[in-house]
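All ligand and atom numbering here is 1-based and tracks the order in the structure. Below, each value reflects all heavy atoms present in this structure, side chains not excepted, and no hydrogens, waters or symmetry copies.
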Amino acid sequence: MTDAKGDDGRLLRVHVMRYNPQDANSTPHLETFEIREAAGMTLYVALTEIRETLDASVNFDFVCRAGICGSCGMMINGQPGLACRTLTASLPKDITLLPLPVFELISDLSVNTGKWMRGMAERLETWAHGVDKDVDVDKLEERMEPELAQEIYELERCIECGCCVAACGTAHMREDFVGAVGMNKMARFRLDPRDDRSDADLYELVGNDEGVFGCLTLLGCVDVCPKDLPLAGQIAFLRRRMLKEAL
Ligand code: SF4
Ligand code: F3S
Ligand code: FES
């Protein structure tokens, strides 16, 4: 087979973890699929081809195919990443795909990040407090300096893909750890003038081992975040604020 440029594509060997925890007869194992690489092929495209031509029962998640929805996170040769943003050309011929750890496994490469994210969001109350008590449209529309809006927007770019959690040693050891994604959200609300919570309020939520004091500065989160969020800086910022509160 030749690709669009007329070059022979590599023969890829894609090893996919197969396991359905709902099926008593299912046992975790790797299944190997061979497909011909095409120009510009992403892992999402490779998995779709596998599903369309070799085995329709392979489960994996996707929605946007553009690095926006955060659904297609998986372990790609041992590292968390987005299938739709990973070119097969950036990988060797043998590609091993496993589901993201820490999250509840649904089946094969599909995990329930939504359940984890909702639990974290409810625990940390990741919404602007104050504005919802007494909705005042004028206050909601209050002018914000563009620099501050930009700073908040920068942290808002998180797509809740879960890669930072899967890459974090602390998250592997304690299931109540809020991860870099949770701390990033807290830092985002700390910046937002519409959120009337004080540092003391935030201390109650993340001034503990489930939050900033559980982070061991392993920085795996920084290495894998597909949106290149400034996680190290935000965690350090939050830690300084919480330490001040603790003293
Ligand atoms: Fe994904 Fe980055 Fe958000 Fe973590 S912080 S969930 S890696 S986008
Ligand atoms: Fe984990 Fe990132 Fe801290 S990998 S330990 S949240 S610096
Ligand atoms: Fe939406 Fe990959 S399918 S981020």
Of the options Met144, Arg143, Gln150, which is the one that meets Pro146 in a side chain to side chain contact (heavy atoms under 4.5 Å, CB included)? Arg143
Of the protein's non-hydrogen atoms, which lies at the shortest distance from [atom], and what is that distance?
atom: atom 8 (S) of ligand 1; answer: Ile159 N, 3.5 Å
atom: atom 2 (Fe) of ligand 1; answer: Cys225 SG, 2.4 Å
atom: atom 5 (S) of ligand 1; answer: Leu229 CD1, 3.6 Å
atom: atom 3 (Fe) of ligand 2; answer: Cys215 SG, 2.3 Å
atom: atom 1 (Fe) of ligand 1; answer: Cys161 SG, 2.4 Å
atom: atom 3 (S) of ligand 3; answer: Arg65 N, 3.2 Å

Distance-only donor-acceptor check, side chains Arg18 and Ser57, under 3.5 Å: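 Checked: Arg18/Ser57 side chains pair up, N/O donor to acceptor below 3.5 Å.
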Would you tell me whether Ser110 and Asn59 have side-chain atoms, one donor and one acceptor, within less than 3.5 Å of each other?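 No, because no side-chain N or O of Ser110 sits under 3.5 Å from a partner of the opposite role on Asn59.
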As an exercise, identify every atom of ligand 2 less than 4.0 angstrom from a heavy atom of [X].
X: Leu216; answer: 5 (S)
X: Leu218; answer: 5 (S), 7 (S)
X: Thr217; answer: 3 (Fe), 5 (S), 7 (S)
X: Leu219; answer: 2 (Fe), 4 (S), 7 (S)
X: Thr170; answer: 5 (S)

Are the side chains of [Y] and [X] in contact, using a 4.5 Å heavy-atom criterion?
X: Val111; Y: Glu104; result: no
X: Ile95; Y: Arg13; result: no
X: Leu11; Y: Arg36; result: yes
X: Asn77; Y: Pro92; result: yes
X: Met41; Y: Leu12; result: yes

Metal check, atom 1 (Fe) of ligand 2 vs Cys168 N/O/S, cut-off below 2.8 Å: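 A backbone or side-chain N, O or S atom of Cys168 is under 2.8 Å from atom 1 (Fe) of ligand 2.
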Which of the ligand 3 atoms, numbered from 1, are nearer than 4.0 Å to a heavy atom of [X]:
X: Cys72; result: 2 (Fe), 3 (S), 4 (S)
X: Gly70; result: 1 (Fe), 4 (S)
X: Phe62; result: 3 (S)
X: Gly67; result: 4 (S)
X: Cys69; result: 1 (Fe), 3 (S), 4 (S)

Charged N-O contact under 4.0 Å between [X] and [Y]:
X: Glu160; Y: Lys185; result: yes
X: Arg51; Y: Asp108; result: no
X: Glu210; Y: Arg123; result: yes

If you count the non-hydrogen atoms of other residues, nucleotides and ligands that lie under 6.0 Å from CZ in Arg197, is the total more than 12? yes
Should we count OH of Tyr153 as having more than 12 external heavy atoms under 6.0 Å?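 No - once you tally the heavy atoms of other residues, nucleotides and ligands closer than 6.0 Å, there are 12 at most.
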Within the 4.0 Å heavy-atom shell around Pro226, which atoms of ligand 1 are there?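 It comes down to these atoms of ligand 1: 7 (S).
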Check each atom of ligand 1 against the heavy atoms of Glu160 and keep those under 4.0 Å away; list them by number with element.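 The list of qualifying atoms is 3 (Fe), 6 (S).
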Heavy atoms only, cut-off 4.0 Å: how does Ile68 contact ligand 3, side chain, backbone, both, or neither? backbone
Val63 contact mode with ligand 3 (heavy-atom cut-off under 4.0 Å): backbone
Indicate if the distance from atom 3 (Fe) of ligand 1 to the nearest N, O or S atom of Cys158 falls below 2.8 Å. yes
Among Ala167, Cys164, Ala180, which one has a heavy atom closest to atom 4 (Fe) of ligand 1?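 It is Cys164 that holds the nearest heavy atom.
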Closest to atom 2 (Fe) of ligand 2 by heavy-atom distance, out of Ala236, Cys221, Cys164, is Cys221
If you take all heavy atoms of Leu155 and Pro230, which pair is closest and at what distance? CD2-CG, 3.9 Å
Tell me which one of Asp195, Asp196, Asp199, Asp201 satisfies salt bridge (charged side-chain N to carboxylate O under 4.0 Å, His left out) with Arg190.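 For Arg190, the salt bridge (charged side-chain N to carboxylate O under 4.0 Å, His left out) check succeeds only for Asp199.
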Using a distance threshold of 2.8 Å, state whether an N, O or S atom of Cys84 lies below it from atom 2 (Fe) of ligand 3. yes
Under 2.8 Å from atom 2 (Fe) of ligand 3, is there an N/O/S atom belonging to Cys64? no
